[in-house]
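Everything quoted here is computed from the prediction, not taken from an experiment.
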Amino acid sequence: MAVIGAGPGGIAAGVKLKQADVTDFVILERADEIGGSWNENHYPGLEVDIPSIAYQYSFARNPNWSRLFAPGAEVKQYHMEVARRFGLYPHVRFGVNVLSEEWDERNHRWNLHIEGGKVITARFVVSAVGAFITPKQDPGIAGLADYRGKMQRPSEWDHDYDLTGKRVAIIGTGASSVQITPSIAGEVGSLSVFQRTPVWCIPKPNPRIPEAVKLVLRTPGLQAATHGVVLVAVDVLLRAMSNAPMSVVEPTMRTVDAAAIAGYRGLLRMMVRDPRTRAALTPDYGPIAKRPTANTGYLLSFNRDNVELVTTPIERFTENGIRTTDGTEREFDMIVLATGYHVFSDPETYTPGMVVGQDGMDLGKFYAENGLQAYESVSLPSLPNRWTLVGPYSWSGSGWHAFVEMTADHAVRAISEARRRGATFVAVRQDAHDAYHRDIYRHGAAMRFYLAELNAHVPTYYRNSQGDSTYIRPSGFFRARRGHRRFPFSDYRFELRRPQAPAASTAGETGAVAGGS
């Protein structure tokens, strides 16, 4: 079998497979190292935005984090150490970029078309490509090719470029911009932050963790209990929101948003001196309508004489910099494109031909026509022998590791049962899938109201182009975990491939088998 991706999800899948005594698998990774986005991203200021003890696997808790919010290099190292500890490196094939997946009905297996023309075949496939699939190479601004200065992206940062005294622009105010801005503000000559939408950004003290605390964190069960308390709180909130009548939800959300915005104005008054800049940094939307951020230095950066906030829309790139719609042209030595990723919850991410299943079912076309959906967020009836670790309605309010562990549990449980039965075909039943989707869609009414009505004016990847909030699983963490670990096998079809007459020709087939069982 094959796991696509060696980021947090692929590592979780590999460990779960080995724990289930499944060893005939490969992990296909397009990069040259373990870690996913933590390998690709190494820009200045990179660190986790939730406490480190919540950003780790339950089977590999780390008591040795250096800070409350660990730096990116340390997080990458953690993933590499987990992969070594559980013996995953021999299973990984680096530099393998899967371009498309095609179901072979005759042989009950997947043909994975690899960049370079090769084909890898696998009985079972676990897609662990993650939530943020690929960086947006084109920010949608005219003249990108005209610019002659240094262009930087968070996922391709060139640390050899000397920033000292340079005129720098950052386009975007998302999570990466919030970390990059204060990290380089003191080094550059000038820094212009181009903002389309103000971001919620709360202070984030990030102290070093003393050795005495690290010693306490080694106490068996302590980290799990601490993390569990947080999960319970988030679970209660999600359950309350998804089960309360809309007559209660709507006024409550309006009141909470208004109070939060008023409170944030007070925070800005304490942190940002200039009234005009404060006003421009004030969101007019609720705190969870876009991904909230946390960084003490971001807001304080705008008190520096060499940092400006630009809210006039960009018209185009020029040879020497950026021209805004008011006709002003600013010259820059370097421009940072912090303009985001193609995300798993966007139908546009799934291009036609990327995944083609049973009877020619094209996942890209299906999602475009029917909206994003999947049984327990991981499987579809027409995509047999295949599970996605980060699929529609999957994020359950926990750290990423907690939920990719449970989606990996789902996939491995189904695969193990297929092996026990000697089945070569496993697919969720259409009726089970449809019942699940109806239920999860119903529970998502409050989130759709919040994102598509109350905060419809703000661009956010929590709401996709179809107006749906397929990013978040509204039923809560613990219900999701039970669903993945205890789903009835009767919700799946298990079948054995019947012998068939040989095909007339097999000309053109290339590649290797990745796990024949």
- Item | Sidechain-backbone polar pair: Gln179 side chain, Asn295 backbone, donor-acceptor under 3.5 Å | no

- How far apart are the closest heavy atoms of Phe59 and Ala12, and which atoms are they? CZ-CA, 4.3 Å

- Item | Straight-line distance of Ile120 CD1 to Ile114 CD1, nearest 0.5 Å | 4.0 Å

- Is there a salt bridge (Lys or Arg N to Asp or Glu O under 4.0 Å) between Arg479 and Asp439 once you walk through the steps? CA-CA 13 Å; Arg479 181 180 174 185; Asp439 181 67; 2.6 Å; yes

- Passes salt bridge (Lys or Arg N to Asp or Glu O under 4.0 Å), Arg482 versus Glu376? Steps please. CA-CA 10 Å; Arg482 283 195 303 273; Glu376 294 286 355; over 6 Å; no

- Message: Under 6.0 Å from the ring centre and within 45 degrees of the ring axis: does the NZ or CZ of Arg413 meet both conditions for the six-membered ring of Phe489?
- Response: yes

- Item | Heavy-atom check, side chain of Asn39 versus side chain of Asp32, under 4.5 Å | yes

- Query: Considering all heavy atoms of both residues, which atom of Gln373 and which atom of Leu380 are nearest to each other, and what is their separation?
  - Reply: O-CD2, 3.4 Å

- Between Lys136 (side chain) and His342 (backbone), is there a donor-acceptor pair under 3.5 Å? no

- Task: Would you mind checking if Asp24 and Arg123 are paired as a salt bridge, meaning a charged N to carboxylate O distance below 4.0 Å?
- Result: no

- Give, for atom CG of Leu46 and atom CD1 of Ile180, the distance between the pair rounded to the nearest 0.5 Å. 8.5 Å

- Query: Donor-acceptor pair, Arg67 side chain versus Asn206 backbone, under 3.5 Å?
  - Reply: yes

- Message: Please tell me whether Asp257 and Tyr450 have a donor and an acceptor in their side chains that are separated by less than 3.5 angstrom.
- Response: yes

- Query: Does the Asp346 side chain pair with the main chain of Glu348, one donor and one acceptor, at a distance under 3.5 Å?
  - Reply: no

- Check whether any side-chain N or O of Ser377 sits under 3.5 Å from a backbone N or O of Ala374 as a donor-acceptor pair, and report yes or no. no

- Task: Give a yes or no on whether the backbone of Tyr285 and the side-chain of Asn455 come within a donor-acceptor separation of less than 3.5 Å.
- Result: no

- Message: Donor-acceptor check, side chain of Lys18 to backbone of Phe86, threshold 3.5 angstrom: yes or no?
- Response: yes

- Got a donor-acceptor contact below 3.5 angstrom from the Gln56 side chain to the Ile53 backbone? yes

- Task: Would you give the length of the straight line joining atom OG of Ser52 to atom CZ of Arg61, rounded to the nearest 0.5 angstrom?
- Result: 13.0 Å

- Query: Any ion pair linking Arg153 and Glu40 (charged N to carboxylate O, less than 4.0 Å)?
  - Reply: no

- Could you state the interatomic distance from NE2 (His79) to CH2 (Trp38), rounded to the nearest 0.5 Å? 8.0 Å

- Task: Name all residues meeting the salt bridge (charged side-chain N to carboxylate O under 4.0 Å, His left out) criterion together with Asp49; count only those two or more places apart in sequence or in a different chain, and write none if there are none.
- Result: Arg291

- Note on the structure: Exactly one candidate in Arg420, His410, Met1 meets side chain to side chain contact (heavy atoms under 4.5 Å, CB included) with Ile415; the answer is Met1

- Item | Closest non-hydrogen atom pair between Ile27 and Ala6, with its separation | CG2-CB, 3.8 Å

- Sub-6.0 Å ring centroid separation between Tyr461 and Tyr341: no

- Message: Side chains of Asp468 and Thr470: any donor to acceptor distance under 3.5 Å?
- Response: no

- What distance separates His484 NE2 from Phe403 CZ, expressed to the nearest 0.5 Å? 8.5 Å

- Atom OG in Ser396, atom CZ in Arg481: separation rounded to 0.5 Å? 10.0 Å

- Query: How about Tyr55 and Tyr78: are their ring centroids closer than 6.0 Å?
  - Reply: no

- Check step by step if side chain to side chain contact (heavy atoms under 4.5 Å, CB included) holds for Ile4 and Glu101. CA-CA 11 Å; Ile4 303 175; Glu101 308 165 44; 3.7 Å; yes

- Under the ring-ring contact (aromatic ring centres under 6.0 Å, His included) test, which residues partner Tyr264, sequence neighbours left out? Trp200

- Task: Give a yes-or-no answer on whether the side chains of Asn64 and Lys214 include a donor-acceptor pair shorter than 3.5 Å.
- Result: no

- Message: Between Phe25 and Phe124, does the ring pair (Phe, Tyr, Trp, His ring centres under 6.0 Å) criterion hold? Intermediate values first, please.
- Response: CA-CA 9 Å; Phe25 66 91; Phe124 303 112; over 10 Å; no

- Exercise: identify the closest heavy-atom pair between Ala128 and Val3: CB-CG1, 4.1 Å

- Okay, side chain of Lys166, backbone of Met334: is any donor-acceptor separation there less than 3.5 Å? no

- Do any N or O atoms from the side chain of Asn385 and from the backbone of Val426 form a donor-acceptor pair under 3.5 angstrom? yes

- Message: Less than 6.0 angstrom from the centroid, inside 45 degrees of the normal: does Lys204 satisfy that with respect to the ring of Phe69?
- Response: yes

- Parallel, tilted or perpendicular: rings of Phe132 and Tyr471 (30°, 60°): tilted

- Item | Centroid-centroid under 6.0 Å between Tyr350 and Phe344 rings | no

- Message: Which heavy atom of Phe494 sits nearest to which heavy atom of Ala423, and what is that distance?
- Response: CB-CB, 4.0 Å

- Side-chain donor-acceptor pair present, Tyr57, Glu405, cut-off under 3.5 Å: no

- In terms of ring plane angle, is the pair Trp400 and Trp395 parallel, tilted or perpendicular, where the classes change at 30° and 60°? tilted

- Query: Would you call Arg85 and Glu81 a salt bridge, taking side-chain N to carboxylate O under 4.0 Å as the test?
  - Reply: no

- Check step by step if side chain to side chain contact (heavy atoms under 4.5 Å, CB included) holds for Thr173 and Val178. CA-CA 6 Å; Thr173 56; Val178 162; 5.6 Å; no

- Query: Which atoms form the tightest heavy-atom contact between Leu451 and Ser469, and what is the distance?
  - Reply: CD1-CB, 3.5 Å

- Query: Knowing that exactly one of Ser176, Ser177, Pro139 qualifies, which makes a side chain to side chain contact (heavy atoms under 4.5 Å, CB included) with Thr339?
  - Reply: Pro139

